[in-house]
Structures are given as C-alpha cells and as structure tokens.
Enquirer: 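Sharing a structure, written as structure tokens. Questions coming.
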Amino acid sequence: MNITLHVWRQKDANDPGAMEVYTAKDVSADSSFLEMLDMVNEDLAQKGIDPIHFDHDCREGICGMCSLVINGVPHGPQAATTACQLHMRSFKDGDAIYIEPFRARAFPVLKDTIVDRTAFDRIMQAGGFISVNTGGAPDANAIPIPKTAADKAMDAAACIGCGACVAACKNGSAMLFVGAKVTQFANLPQGQSEKAARAKAMVAQMDLEGFGNCSNYSECEAVCPKEIKVEVIARMNREFLGATVKSSS
Amino acid sequence: MSSITLDSKVPSGPLAEKWDKHRFDMKLVNPANKRKYTVIVVGSGLAGGAAAASLAELGYNVKCFCFQDSPRRAHSIAAQGGINAAKNYQNDGDSVFRLFYDTIKGGDFRSREANVYRLAQVSVNIIDQCVAQGVPFAREYGGLLDNRSFGGAQVSRTFYARGQTGQQLLLGAYSALSRQIGLGNVEMYPRTEMLDLVLIDGHAKGIVVRDLITGEISSHAGDAVALGTGGYGRVFYLSTNAMGCNVTAAYRAHKRGALFANPCYTQIHPTCIPVAGEHQSKLTLMSESLRNDGRVWAPKKKGDNRPANQIPEDERDYYLERKYPSFGNLAPRDISSRSAKEACDDGRGVGEFGRGVYLDFSDAINRLGKNLIKERYGNLFDMYERITAENPYEVPMRIYPASHYTMGGLWVDYNLMSNLPGLHVIGEANFSDHGANRLGASALMQGLADGYFVLPYTIADYLARVGAQNISTDRQEFKDAEQQAREKTQKLLSINGSRTAESFHRELGHIVWENCGMARNETGLKKALQMIPELREQFWRDLKVAGVENSLNQSLESAGRVADFMEFAELLCQDALHREESCGGHFREEYQTDEGEAVRNDDKFTYVAAWEHTGYGKTAELHKEKLEFENVKLATRSYK
C-alpha cells in the first residue's frame with residue numbers, strides 16, 4: 001500500500017517546528033508502524049535528508065519508549081496497543097497519516113517526535129518506592145498477600161511509563177501514571193508504612209513538574225496501552241487526602 | 001601479550017562453604033570511608049540498576065549511565081516468563097544443590113562450578129528482596145507465592161508476575177535506584193552512551209561518553225567501573241533484543257585489553273514469532289512458560305500446507321514429546337531450537353516461508369478451559385494476535401527460533417572483575433554462569449544476583465586494596481580517549497557513501513545467522529570469516545550517516561554500534577571455528593551423534609576460551625581458563 005505521511009519535524013528544542021509531507025511506498029500490511037517509518041527513513045537517508053527521529057527500543061510494547069501521536073491519538077488507533085505494536089494492516093492504501101510528538105508542558109520536544117520525559121523519573125525519585133535496602137528482607141512468604149490484593153497491585157504495576165496518558169489529557173495531567181504507582185503500593189502490606197509520605201511527595205513533585213489536574217474526561221484510560229483504569233486516580237486522591245488530613249491533625 | 005594468566009580466584013574449600021569463606025576473607029571498606037569512593041555503573045538493567053542502587057545504599061558515590069531516556073527502559077524489562085529460586089516452596093524436592101546442578105547441566109558443563117553454586121545460593125535472597133520492594137509476584141489464594149516450571153528442570157521453582165516478570169523485577173530495581181537518585185547518592189545520566197574505557201596505570205578508572213542529546217563527548221572518572229551493558233544478540237541483526245542493544249561498551253573495553261570469553265555461546269530461543277518479510281526489524285519472543293501448556297508439533301508429511309486444524313492427530317509429529325519423553329515440551333532451549341530447525345530443514349515447516357512449527361494450546365484449553373489459559377498467558381496471546389492477526393485461542397501459534405540471549409561476554413573472575421583491575425562486568429555482559437546454554441528463568445536470577453548480592457561485596461575488596469585515588473578527568477589518558485572518540489565520530493560522518501548503517505547491519509546479521517547461527521560448520525565459518533572483513537571494509541568506504549555531530553543523531557548512534565558489531569562478528573566466528581565440539585547453543589555439525597545430539601569433547605575443550613584483542617583486523621589471541629569439576633560428574637546431557 002502507499003501512504004502519505006504528515007510528520008512533525010523539529011530540529012531541536014529551540015526550533016519552532018513544522019509538519020512535513022513524505023510518501024511511504026509499497027508498504028507491507030504485515031510490517032509494523034515503526035518498520036514503515038524505518039523504510040521511509042532509509043529513503044530519506046538515501047536522499048541526504050536527516051531521518052525522522054522517533055524514540056523506540058524494545059518494539060514489543062513493554063519498554064515504554066515509543067511515543068508517537070498518530071492521527072491525533074497517542075499510540076494510534078488500536079486500543080491497548082503501543083505504537084511499536086501497531087501494524088500497517090490497521091491502515092489502508094492511500095491513507096494520510098499524521099505523526100506528532102506526545103505534547104505536554106512537562107514533556108518538551110527534543111527533536112522531531114522525541115520528547116523529554118524525565119519529569120516522570122523525578123516523580124518516582126520523590127516517592128515511587130518502598131524504602132528497603134538490599135539485604136535483610138524477611139522471607140518472601142513471611143507475609144501472605146491475598147491473591148485479590150496482589151492482582152490489583154499487578155494491574156496497576158503494569159504501567160510502562162510511556163506518557164500517553166499525559167499526551168491524551170487536555171490538562172497534560174500525569175495522574176494516571178502517578179495513581180498507578182500509588183495504587184500498586186497501597187494494595188500491598190509492604191507499602192503501608194510510607195503510604196502517606198509517598199502520596200504527598202509524588203503529588204507535590206507532579207505539580208512542580210507542570211503537569212495539570214484531572215477533570216475526569218478519562219482520555220488517559222482510553223489511550224493507555226496497558227489498560228490502567230482511572231480508579232487509580234481515585235485511589236491516589238484518597239491516599240493524598242488521607243495523608244493531608246493526617247498531617248494537619 | 002601472552003603474559004596474561006587467567007586466575008579465576010575461586011576460593012578453596014568445600015563448594016557449599018566457598019562464598020561464606022570468601023566473604024570473610026575479602027577486605028571491607030569502612031562505612032565512613034565508602035563516601036570517598038566513586039563507582040561508575042554503565043547500564044541500568046537488572047544487573048546495573050540493582051548494583052547502582054545497592055552500592056549507593058552502602059554509602060558509595062555512584063554514577064550510573066544508560067542510553068535510553070530513563071533507566072526504567074533497559075531491555076531486562078522485556079523478560080516475560082520468570083525467575084528461578086531454590087526456595088522449595090512447592091515441597092517438590094528442590095534445593096540449592098539441585099538448582100546448581102540443573103544450571104551446570106543445562107549449560108552443558110561449560111561454566112564455573114563455584115560461580116553457579118553461589119548463584120543458586122543467593123537466588124533465595126533475591127525473591128525476598130523483590131517481595132520487600134513491592135514486586136507483585138503471582139500468588140495462590142492462600143496468599144503465598146505461586147510457582148511454575150520452566151525448561152530443563154523437573155521442579156517448579158520459577159516465580160513470575162504474569163507474563164511481565166522482567167518488567168516487574170526491573171521496576172523493583174528502578175524504584176530502589178530512583179530512591180538513591182532522589183537521596184543524591186546516585187548521579188543518573190540517561191541518554192548517555194559509553195564510547196570508551198579509560199585505564200590509568202592499567203586500572204579501569206573512568207569512561208568516555210557521548211551525550212545523545214547534545215552530541216557532547218566528555219569523561220567521567222571513578223575508583224572502579226562496572227559494566228552491566230547486556231548481550232550482543234543483535235550481531236544477528238534480527239533478534240528478540242531491543243533495537244538499541246549493542247556490544248559497544250563491552251567491545252570497546254575489549255579493545256582496551258579486557259578478554260572476551262566464549263563469544264560463540266549464543267542462545268537461539270525456540271519460541272519466537274517467525275519472520276514475516278523483508279521489512280522485519282526485530283523478532284518477538286513468546287515466553288518459554290507457554291511450553292508448560294502448549295504442545296509443539298510439525299506435520300509428519302513434507303510440504304503439508306493444510307491449515308493446522310485440518311491436519312488429523314495421527315499426521316502430527318509432536319517431536320519434542322517423541323524424542324524427549326521425560327522433559328517433553330519443556331526440553332532445554334538449545335535442544336528445542338535445533339529440533340524446530342530440523343523439522344523445517346526436513347521440509348515440514350509451516351507458514352508462508354516454511355520456517356515455523358506449531359505451538360498448540362487446544363489440548364490445554366479443552367482440559368483447563370479458556371479462562372484459565374487466558375489468566376496464565378492472556379497478555380502473550382494478545383501480543384501474538386497483534387503481530388500476526390491470528391487468534392491463538394483458535395489456531396495454533398506459529399513459532400521459530402530467534403537470537404535471544406548471549407552466554408558469552410567479558411571474562412571475569414569469581415569477584416566479577418575482568419582481567420583489567422577495577423573493571424567489573426555483571427549480568428549478561430559477563431560470561432560467567434550459564435556455560436554454553438542458559439536455562440529459562442536464569443537470566444533474571446543472574447542479573448539480580450550480580451547486582452544485589454555479589455558485586456556490592458566483591459567490589460569492596462578491590463576498592464580497599466587500591467584505596468581512594470580521586471582521579472581527575474584532566475589527566476592525559478582521558479584527553480587522549482576523548483580525542484579518539486571524537487575522531488571516530490567524525491570519521492563515521494565524513495565517509496558520505498551510499499549505504500546506511502542499518503543496511504550494513506542487516507547484511508552482517510544475515511552472514512552471521514547463516515554461518516554461525518543454530519548450527520555451524522567449518523566451511524560456513526571460514527566463509528563468514530572471509531565475508532565479514534570484506535563487508536567491514538565496504539562499511540568504512542561506503543557508509544552514509546545523515547545529520548551532524550553536535551545534535552541528537554540516531555543515524556550516528558546506529559553507525560557507531562554497527563561499526564563495533566562489524567569487528568565483533570569476526571571474533572564470534574573465530575571462537576566458533578576454534579571450538580571443535582558441540583556444546584549447548586554451540587552446535588558444530590561435524591560433532592553429533594547419529595541421532596543428531598551434540599557431542600562434546602571434554603578432553604580438549606573443558607575450558608573457557610578468553611580472547612585478547614591484538615589490533616584492528618588482526619586475529620585475536622586465545623587464553624584458556626581450565627574448568628575444574630569437583631562436585632559434578634561430566635556427563636552427556638540427556639533429557640530423554
């Protein structure tokens with residue numbers, strides 16, 4: 001199939017950037033979306049044009065590095081699927097496809113579609129952990145954890161930190177991402193002793209990084225490749241509220 | 001050159017007491033003195049991330065580097081199936097010794113006894129540590145941890161978190177690392193790639209890196225360097241590794257004098273989604289855990305292109321169950337991979353290109369119900385469907401082996417230190433624990449063992465012996481290495497030929513896969529050893545790299561990595577040619593039984609082949625570390 005691509009090109013963080021038009025010819029329906037971009041890039045390189053830069057690594061939907069807005073939707077049209085796992089059979093011959101970076105105040109563009117997501121790391125550094133040093137942990141079976149609680153923790157822990165939730169949100173909110181980590185630990189006995197401090201520290205860092213608030217549109221849930229539910233935001237709010245009340249009393 | 005003597009530094013005494021004894025014999029760094037030392041950790045996966053966090057907790061200053069945009073993205077994250085530990089929670093007869101024995105046997109008796117035993121010993125601590133960090137392992141209804149079985153073992157000792165065990169373990173290590181970054185004990189450098197190792201008076205005291213955003217090349221000094229930079233599986237181009245995985249850090253350390261051990265031991269994983277066409281950039285693994293419930297088969301008749309469900313039961317060859325009745329579908333990876341290749345070479349392969357066999361869940365779905373299968377493997381089934389547009393609940397999966405893991409790596413002693421003092425190598429990047437073949441669920445175990453429970457002890461011994469030196473990057477050694485890195489970068493940019501690094505990488509991968517893949521022979525290896533230097537020469541004459549030096553430039557990053565693969569591929573084939581035996585993942589067609597099983601030559605090859613770099617394009621020099629087996633009897637591996 002032949003595809004017309006409209007791609008965001010931006011030389012560096014200071015460049016205003018603009019859409020450019022390219023053609024992808026003879027694309028196999030079995031190729032992945034990123035393999036289609038590889039083909040276009042091979043062609044551009046032959047012509048001496050700097051290839052389209054995009055973040056990618058594992059190409060199996062787990063590292064969270066790929067970060068394209070495809071036709072206005074973070075990670076593209078297929079539900080529960082990262083851009084790297086999207087295949088060209090989702091498109092048809094003659095389609096025009098628009099490719100842009102994840103856009104948010106807290107995710108500045110570095111080049112083309114590559115953005116800086118280190119704000120996520122800084123939120124984790126503020127409180128996304130259980131404070132336990134290596135060594136001295138009790139036997140793994142010392143504290144039984146009900147399967148339902150462990151499963152809930154795992155549902156939240158499946159977050160790959162890609163940032164699609166932020167890109168989809170009109171407020172650029174990171175609450176789904178932060179809520180997922182808060183929920184994981186809040187469901188586990190190991191996470192209890194620090195839960196108030198964790199909720200406060202992570203929310204404070206989230207605000208500091210310039211992420212917006214949640215206004216309950218659930219766009220984040222709709223685009224999340226790991227199907228994290230907005231319940232985690234409710235859980236985060238509850239943990240945060242609880243922490244605030246406790247500390248003021 | 002030949003003055004190198006390989007001292008494994010394996011402690012004396014009974015196997016079970018070696019690690020305890022060694023921990024007592026090693027020097028310690030006083031808690032108050034630890035802050036005087038800086039340790040450089042390259043890589044932030046299970047080994048690197050765990051090491052950086054643990055060393056920082058102990059009080060060392062740590063600088064950690066990764067080429068990804070965040071340490072959470074290291075490729076350990078993609079491991080699906082699980083992690084082994086000798087907990088014996090299932091009461092099925094497991095023990096430290098059994099895990100040790102299975103791992104030694106699985107590695108086809110080509111690994112170091114003492115290292116493997118230590119690995120089995122600390123395996124139990126890893127699970128405790130991860131649970132304490134909040135890793136949500138699968139549990140039974142009573143709240144205790146669940147286990148499943150994996151290839152090469154007859155006990156259930158594999159802990160797992162759905163099909164995302166690697167992700168959850170890495171996020172555990174990442175959370176520990178994040179905590180130390182937040183506390184100011186680790187300086188983290190994401191999007192930063194190591195370009196060279198810097199030696200001061202023969203000791204590894206720093207690295208040269210490129211900032212992948214600005215293109216700036218700079219130096220970092222420390223008291224010791226630890227490489228946790230993963231494996232070299234992308235030498236085959238198509239592999240299950242991430243696109244960024246590379247041999248650069250390890251190979252550049254090799255060029256500075258670190259010996260590269262057993263490069264020919266590569267793991268070709270039996271259950272990956274087959275190649276779909278020329279456009280393919282990577283292959284996707286379907287976890288080995290699927291073989292707990294899936295049955296592997298190929299049609300009995302050659303060229304049988306009926307759909308799977310129209311092939312009657314008596315015309316199917318469940319070849320693993322037939323050939324290896326006691327292990328069946330859970331035969332080890334090397335054996336399962338070769339059997340799939342045999343079936344396809346025999347003209348019985350399935351799928352468009354005839355390079356595939358079936359992994360069939362219909363029996364398990366009938367026996368256990370679709371829901372239970374969905375609970376166990378749902379995410380893997382979904383992934384399969386996304387890639388192939390086929391529903392594995394209804395039609396069998398098609399699978400074919402692909403490059404997945406590399407057992408070879410930089411040579412290290414019992415302390416995980418290379419022959420270059422100060423240079424430590426951990427996780428997949430070293431050669432130490434898996435011999436010629438790695439069993440499933442052992443890579444996560446080794447990465448975390450090295451990072452959490454071995455390196456933090458052994459590096460202290462080195463640091464205490466040499467003392468804090470407070471080395472400055474103003475030294476000439478750093479300036480020279482930086483200059484060389486800049487010159488190399490400029491050279492890559494200035495060739496201005498006609499082919500991209502990606503296209504050279506594809507061609508190189510094809511040569512290596514065809515001649516040094518699942519099966520190797522002298523003729524093919526000699527052919528590869530002729531073709532690789534020719535291709536490399538063409539690379540340096542006809543490469544085209546777009547973009548400029550001082551900016552984010554993915555073409556340049558790729559070119560630098562491919563340049564190293566071009567040299568490394570030759571070393572890989574040279575090692576494969578010299579090892580005139582079949583063992584584990586290294587199958588030399590000349591050395592097999594009538595039934596097609598591997599034949600080792602213990603008299604001649606019970607050693608680690610550690611290669612010394614002698615110059616660009618020159619034949620590397622072989623050094624041997626003899627492997628001593630005091631606790632297990634060398635036997636022919638049998639899984640029948």
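Below, chain A is the first sequence line, B the second, and so on; all start at residue 1.
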Enquirer: Please identify, among B/G182, B/S175, B/G244, the residue contributing the most non-hydrogen atom pairs under 4.5 Å to chain A.
Expert: B/S175
Enquirer: Would you say the side chain of B/L177 lies within less than 4.5 Å of the side chain of A/M124, judging by non-hydrogen atoms?
Expert: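 A side-chain contact is absent here, since even the closest heavy-atom pair is not under 4.5 Å.
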Enquirer: What pair of heavy atoms forms the shortest contact from A/P138 to B/D128, and how long is it?
Expert: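 Scanning both residues, the minimum pair turns out to be O-CB, 3.4 Å.
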Enquirer: So what's closer than 4.5 Å to chain B heavy atoms on A/Q125: side chain, backbone, both or neither?
Expert: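 Both parts, backbone and side chain.
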Enquirer: Would you say the side chain of B/S70 lies within less than 4.5 Å of the side chain of A/R117, judging by non-hydrogen atoms?
Expert: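 Not in contact.
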Enquirer: Can you tell me if A/Q184 uses its side chain to pair, donor with acceptor, with the backbone of B/G134 under 3.5 Å?
Expert: yes
Enquirer: With a 4.5 angstrom heavy-atom cut-off, is it the side chain or the backbone of B/E557 that approaches chain A, or both, or neither?
Expert: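 Neither part; nothing is under 4.5 Å.
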Enquirer: Which atoms of B/Q129 are under 4.5 Å from chain A, going by heavy atoms: the side chain, the backbone, both sets, or neither?
Expert: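 B/Q129 touches chain A through backbone and side-chain heavy atoms alike.
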Enquirer: Report which part of B/I387 has an atom under 4.5 Å of a heavy atom belonging to chain A: side chain, backbone, both, or neither.
Expert: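 Answer is both: backbone and side chain atoms of B/I387 are under 4.5 Å from chain A.
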Enquirer: Among A/D55, A/T118, A/D116, which one satisfies side-chain hydrogen bond (donor to acceptor under 3.5 Å, both in side chains) with B/R191?
Expert: A/D55
Enquirer: Can you tell me which portion of B/Q280 sits under 4.5 Å from chain A's heavy atoms? Options are side chain, backbone, both or neither.
Expert: both
Enquirer: Side chain, backbone, both or neither: which part of B/S551 has a heavy atom under 4.5 Å from chain A?
Expert: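 Answer is side chain: those atoms of B/S551 sit under 4.5 Å from chain A.
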Enquirer: Is it the case that the side chain of B/R73 and the backbone of A/I160 share a donor-acceptor pair, with hydrogens and angles ignored and the cut-off at 3.5 Å?
Expert: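 Between the backbone of A/I160 and the side chain of B/R73 there is a qualifying donor-acceptor contact (under 3.5 Å).
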Enquirer: Tell me which of these, B/M383, B/E502, B/Q180, has more heavy-atom pairs under 4.5 Å with chain A than the rest.
Expert: B/M383
Enquirer: Counting only non-hydrogen atoms closer than 4.5 Å, does A/R89 touch chain B with its backbone (N, CA, C, O), its side chain (CB onward), both, or neither?
Expert: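 Side chain of A/R89 only, per the 4.5 Å heavy-atom cut-off to chain B.
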Enquirer: For the residue pair B/Q554 and A/I114, establish whether any side-chain heavy-atom pair is separated by less than 4.5 Å.
Expert: yes
Enquirer: Of the non-hydrogen atoms in A/E60 and B/T284, which two are nearest, and what is the gap between them?
Expert: CB-CG2, 4.1 Å
Enquirer: Is chain B contacted by the side chain of A/I123, its backbone, both, or neither, given a heavy-atom distance below 4.5 Å?
Expert: neither
Enquirer: Go through the atoms of B/Y174 and report whether side chain, backbone, both or neither lie under 4.5 Å from a heavy atom of chain A.
Expert: side chain
Enquirer: To check you understand the geometry: which heavy-atom pair defines the closest contact between B/T500 and A/A45, and what is its length?
Expert: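 Result for this residue pair: CG2-CB, 3.5 Å.
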Enquirer: Is it the side chain or the backbone of A/A126 that comes within 4.5 Å of chain B heavy atoms, both, or neither?
Expert: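 No part of A/A126 comes within 4.5 Å of chain B.
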Enquirer: Go through the atoms of A/D38 and report whether side chain, backbone, both or neither lie under 4.5 Å from a heavy atom of chain B.
Expert: side chain
Enquirer: Counting only heavy atoms closer than 4.5 Å, note whether B/Q167 contacts chain A via side chain, backbone, both or neither.
Expert: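 For B/Q167, the side chain is the part near chain A, not the backbone.
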Enquirer: Heavy-atom pairs under 4.5 Å with chain A - which of B/T388, B/V545, B/V548 has more of them than the others?
Expert: B/T388
Enquirer: If we define contacts as heavy-atom pairs under 4.5 Å, which of B/E278, B/K87, B/H75, B/Q168 has the most with chain A?
Expert: B/Q168
Enquirer: Measure B/A389 against the heavy atoms of chain A and call it side chain, backbone, both or neither at under 4.5 Å.
Expert: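 For B/A389, backbone and side chain are both near chain A.
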Enquirer: As an exercise: rank B/R72, B/K544, B/Q164, B/Q133 by heavy-atom pairs under 4.5 Å with chain A and give me the winner.
Expert: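 When all of B/R72, B/K544, B/Q164, B/Q133 are compared, B/R72 has the most.
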Enquirer: So, for B/R139 and A/I145, which heavy atoms are closest and what is the spacing to 0.1 Å?
Expert: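 Heavy atoms of B/R139 and A/I145 come nearest at CD-O, 3.3 Å.
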Enquirer: Check each atom of A/A13 against the heavy atoms of chain B and say whether the ones under 4.5 Å are side chain, backbone, both or neither.
Expert: neither
Enquirer: Identify the heavy atoms of A/D121 and B/D69 that sit nearest to each other, and give their distance.
Expert: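 So the minimum-distance heavy-atom pair works out to OD2-O, 3.9 Å.
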Enquirer: Against chain B, work out which of A/N187, A/I130, A/N133, A/D151 has the most heavy-atom pairs shorter than 4.5 Å and name it.
Expert: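 Going by pairs under 4.5 Å, I would pick A/N133.
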Enquirer: So do the side chains of A/H56 and B/K282 get within less than 4.5 Å of each other, counting heavy atoms only?
Expert: no
Enquirer: Identify the heavy atoms of A/D155 and B/R162 that sit nearest to each other, and give their distance.
Expert: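 Smallest interatomic distance, heavy atoms only, reads OD1-NH1, 2.8 Å.
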Enquirer: Among A/I49, A/T81, A/D12, A/L34, who wins on heavy-atom pairs under 4.5 Å with chain B?
Expert: A/T81
Enquirer: What I want to find out is whether A/K147 reaches B/D146 closely enough, with some N-O distance under 4.0 Å, to be called a salt bridge.
Expert: no
Enquirer: Counting only N and O atoms by type, is there a donor-acceptor contact under 3.5 Å from the side chain of A/N141 to the main-chain atoms of B/L145?
Expert: yes
Enquirer: Under a 4.5 Å heavy-atom cut-off, does chain A meet the side chain of B/L552, its backbone, both or neither?
Expert: both
Enquirer: Under a 4.5 Å heavy-atom cut-off, does chain A meet the side chain of B/H279, its backbone, both or neither?
Expert: both
Enquirer: Just by modelled atom types, is the A/M65 backbone N or O under 3.5 Å from a matching donor or acceptor in the B/Q68 side chain?
Expert: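 Between the backbone of A/M65 and the side chain of B/Q68 there is no qualifying donor-acceptor contact (under 3.5 Å).
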